[in-house]
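Report on the following structure.
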Amino acid sequence: MVTLNVNGKAQQVDAAPDTPLLWALRDVLGLTGTKFGCGMALCGACTVHLDGQPTRACITPISAAAQRKVTTIEAIGADRVGKAVQTAWIEVGVPQCGYCQAGQIMSATALLKQNPKPTDADIDAAMGGNICRCGTYSRIRAAIQRVAGQKGATQ
Amino acid sequence: MSARRDSTTSAPSHVRSDSILLANVSRRGFLAGVSAFGGLVLAVGFPAALRAADPPKYGRDGMDDGWVDDPLVFVAIGEDGTVTIVCHRSEMGQGVRTGMPMIVADELEADWKRVRVAQAPGDQKRFGNQDTDGSRSTRHFFEPMRRCGAAARTMLEAAAAARWGVPVGDVEAQNHEVVHRASGRRLGYGALAKDAAKLPVPSRDTVKLKDPSRFRYIGKGNLKLLDAPDIVSGKAQYGIDTRLPGMLYAVVARPPVYGGKVAKYDAAEALKVPGVVKVVEIESSPPPAEFNPLGGVAVIARNTWAAIKGRQALKLEWNDGPNREYDSAAFKGTLEQSARKPGKVVRNEGDFDGAMAGAARRLEAEYYIPHLAHVTMEPPAATVRIANGKCEAWGCIQSPQAARDRIAKRLGMQPADVKVNVTLLGGGFGRKSKPDFMIEAAVLSKAMGGAPVKVTWTREDDLHNSYYHTVSVEHLEAGVDAQGKPVAWLHRTVAPTIISTFNPEAKNEAPFELGMTAINIPFVIPNLRIENPDATAHTRIGWFRSVSNIPHAFAVQSFVAELAAAAGRDPKDFLLELIGPARRIDPRTLGDTWNHGEDPDRYPLDTGRMRRVVETAAREAGWGKALPKGRGQGVAVAYTFVTYVAAVVEVAVNDKGELAIPRVDVAVDCGAQVNPERVRAQLQGACVMGVSLATKEEISYKAGRVEQDNYNAYEITRIDAAPREIRVHLLPGDFNAPLGGVGEPGVPPIAPALCNAIFAATGKRIRRLPIRDQLKA
């Protein structure tokens, strides 16, 4: 039994300590917004925040997440930047199938919280770990730039 | 349409039996001979099933179970005014759950803010064809969905007129209300729903469609993606997200070689893994694969991770079967040998050999395009439970009807006792047209006494056991005159056919594969021969977004640019000359009997439209502009899924051979666009996919096994290497003219336009995909 702090709530997780956070969130806690894509931290679909840092949940054992604050896509809208990113994603029409977008939004939110005015190179570096098979990249970039250009959205 | 309070259930509870539809047939029947496509008053006959004796059938009429336009099937209005519209096609990113209901809502004069969308389960008899593939949803269902909305609107108007005791001609539906013009009286749709539901569905000959000038949503691009709010907040439900009480989680160890099966296995260690409940063998089906599960050994557990760990602990021995030596490097040589010898002639005009003998110059090129995998971000996943003689399934499936039929067959049940619920699809691209993964879940649920079981494919499973895009060698020869103008053209296309997945003896490309830019090229070349030598499949071959157009268009459009270079001509001008003057070509005269299933009279190959997309892309891209060293532009065009797309790609290649794509201009003529915002999105995405497969993607085999395990070996274009700017130019269309496809046509021109741009920038000609490090040599 491992205790996790997920989206501000302490949760008991009955799973082996080596269980990746991804499967604990999805299968045990029912938080299916965090997606499985590769299981090897190659695609970013499972990105969550651990103490605010973008983290691949598919390779993070729950034992390593136990003492930290886990934030998932289900709660990122409570964050001002997260909300602005979600709104920009809708306004720009980023999603196609949408499957990777939870991870994209978590990565983009982390980027904008740390770097409110990212350059193209900053965006490439921060978002390069998130694959989108539908190819929504140009709109992801536009949506990030839209948030960065909004007064007060990120500060 | 009926009064209904509950608009939240996934299936429309109001739907009545087929008898309603059939009851209307006699009324519709006398119009069977009328063909009035394009008018405001439509009368286009009755359901395809009843017209089996009327050959030939094209388009939506030619699809299994055809189409349905009955508002009783697709529209429900609650007494609170909520309009629920059924979407019967699968959403995989193309925006169909927005676009299809939008068509109904527009004709219905519904306020989109008060529209809910319900996803249809697999039931083609009720909803019409549900195979969401072939870029067909909008082009096949635009007219039926318009009629559906218009009929519902007519019923609401009739109900209001009756309520007020006024002639129906004096009332008019406007934005979720019916208005009496003279008095200004108004009644909302909710207030009219009950009465309207009691009225007969008007016959098609009386249903008046809107004039397109009065559309409020169609063609406007003013609606946001329906599912976007759920997607960005993690609420959207995909196949992998299904959760049921008492659900078990399974992963399957499948034969690594196509046609292989389990020799023996030992589950003792797997069963010791905490959380593992049971290990079950799934019987293998010998080739042809069709839609059958591959078989193997399933580990069923309390959560996905325990199942994965349990599978790792299995001791497995395989009998690899006849494809155990499949080696893609060696097979490339086999295909090349075939491509260098005459093969089955599939189109022959003039005298190719004679013209070659007399040509001033002869050119030859061979192109190689490897197997590809769809790698949908959501791997295949499905959940099934069986109780009280009924089976219920949930999955990310493009073909819910096929899933239903195949599950029923495998379980020995009647299709009527099987319900297949369609979740959102985290990408489809043709992979999820095959319901093998849903049948696995059904088999495992049965093995667990009917308990709900979710099968999840890992990324490794997806790469190792997919239905792959074929592998091909395209051999081209041309003879040119003294001015470099082609007088003779030979194209030998050699590739294992998709038909091999259903008939292992099949060794030639099917008409639907040849009709993807191999034989149906409209070039003005007097002596032309197209051949298709045999090729044997050694793996599961399947549909992949834009299918055989990928190798064919790559080869043909690259070779045109090679001929232009040899002639010292501008590639765009040379391409336009080969296309020739604007004319409408009957595809049958090109040997194309397929024509994407569409009526050749309604959908001729229009070289004027083909020219126009080339000219538009070139103009918008600033074709011929001065570029610094290492930069270049390339152009390509393809007519696929009855849509014309041209691309101009601009590349920058530095001294280290590193490739960047600053800009792509894509011009599209797909006819009128129902949702232009999503059309742009599809073309942008297709461009990225085209770049990805051209630059990085390859499935290779050793000893019958796929060599790529995950995204580290099967690389996909990421944001840093994607085109920085993709500008989509939509040519205007007419809503009274036939529509073209959108989901797939954006892919084929990208790889050749990219490689043509690389040639312009560097002088290096790429003939083998993927490009990878070929520019670094």
Side-chain angles (χ1 to χ4, degrees), chain A residues 14-16 18-20 22-24 26-28 30-40 42-43 45 72-77 85-87 89-91 93-103 105 120-121 123-125 127-141, chain B residues 91-95 224-225 227-229 231-238 240-241 243 249 274-275 302-306 308 374-379 424-429 456 458-460 677-678 681-682 684-689 692 710-712 716-720 722-726:
Chain A
D14 184 8
D18 72 340
T19 303
L22 169 69
W23 298 114
R26 291 181 53 82
D27 293 353
V28 183
L31 293 170
T32 54
T34 303
K35 298 304 190 213
F36 167 72
C38 69
M40 291 176 66
L42 297 168
C43 78
T72 71
I73 186 69
E74 285 89 350
I76 199 66
V85 170
Q86 289 175 321
T87 303
W89 246 242
I90 294 172
E91 291 300 316
V94 173
Q96 289 187 27
C97 86
Y99 188 80
C100 75
Q101 298 298 347
I105 287 168
D120 270 344
I123 294 172
D124 284 349
M127 304 302 294
N130 290 78
I131 295 176
C132 173
R133 186 54 158 163
C134 296
T136 63
Y137 300 124
S138 57
R139 294 196 190 204
I140 287 172
R141 188 184 302 279
Chain B
E91 176 64 68
M92 49 191 168
Q94 80 281 46
K224 298 294 178 199
L225 191 66
D227 293 307
I231 288 169
V232 303
S233 58
K235 294 191 197 88
Q237 292 289 300
Y238 297 85
I240 203 170
D241 296 331
R243 290 170 61 80
Y249 299 77
R302 297 277 170 214
N303 61 63
T304 313
W305 179 244
I308 290 171
H374 317 76
V375 286
T376 55
M377 292 308 297
E378 178 197 31
L424 291 178
L425 282 64
F429 312 122
T456 299
T458 63
R459 184 58 56 198
E460 290 81 3
E677 193 276 331
R678 281 297 99 183
Q682 281 299 290
Q684 288 169 339
C687 177
V688 174
M689 186 176 262
S692 186
N710 211 311
Y711 285 120
N712 48 352
I716 300 294
T717 292
R718 295 168 183 268
I719 193 168
D720 57 337
R724 193 47 55 100
E725 193 183 359
I726 305 169

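Numbered from 1 within each chain, the chains take letters A, B, ... in sequence-line order.
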Can you tell which of [options] has the highest number of heavy-atom pairs within less than 4.5 Å of chain A?
options                                : value
B:Ile240, B:Leu424, B:Thr376, B:Ile726 : B:Ile240
B:Arg678, B:Glu91, B:Arg724            : B:Arg724
B:Gly275, B:Ala228, B:Ser233           : B:Ser233
B:Gly428, B:Gly426, B:Pro723           : B:Gly426
B:Gln94, B:Met92, B:Arg243, B:His374   : B:Arg243
B:Leu225, B:Ile308, B:Val375           : B:Val375

Exam field: side chain [X] to backbone [Y], donor-acceptor pair closer than 3.5 Å:
X        : Y        : result
B:Tyr238 : A:Tyr99  : yes
A:Tyr137 : B:Val688 : no
B:Asp720 : A:Asp124 : no
B:Arg459 : A:Cys43  : no
B:Lys235 : A:Gly33  : no
B:Arg718 : A:Met127 : no

For [X], is it the side chain, the backbone, both, or neither that has a heavy atom closer than 4.5 Å to a heavy atom of chain A?
X        : answer
B:Ala236 : backbone
B:Glu460 : side chain
B:Leu425 : backbone
B:Ile719 : both

For B:Gln237 versus A:Thr32, what's the shortest heavy-atom pair and its separation? NE2-OG1, 3.7 Å
Ignoring hydrogens, what is the shortest heavy-atom contact between A:Leu42 and B:Asn712? Give both atom names and the distance. CD1-N, 3.5 Å
Can you tell me which portion of A:Asp18 sits under 4.5 Å from chain B's heavy atoms? Options are side chain, backbone, both or neither.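 A:Asp18 touches chain B through backbone and side-chain heavy atoms alike.
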May I ask you to say whether B:Arg302 pairs ionically with A:Asp27, meaning some side-chain N is under 4.0 Å from a carboxylate O?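 Salt bridge absent between B:Arg302 and A:Asp27.
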Got a sec, which pairs hit salt bridge (Lys or Arg N to Asp or Glu O under 4.0 Å) with one end in residues 128-140 of chain A, sequence neighbours left out? A:Arg133-B:Glu697, A:Arg139-B:Glu677
Taking ring pair (Phe, Tyr, Trp, His ring centres under 6.0 Å) as the test, write out the residues that go with A:Phe36, two or more places apart. A:Trp23
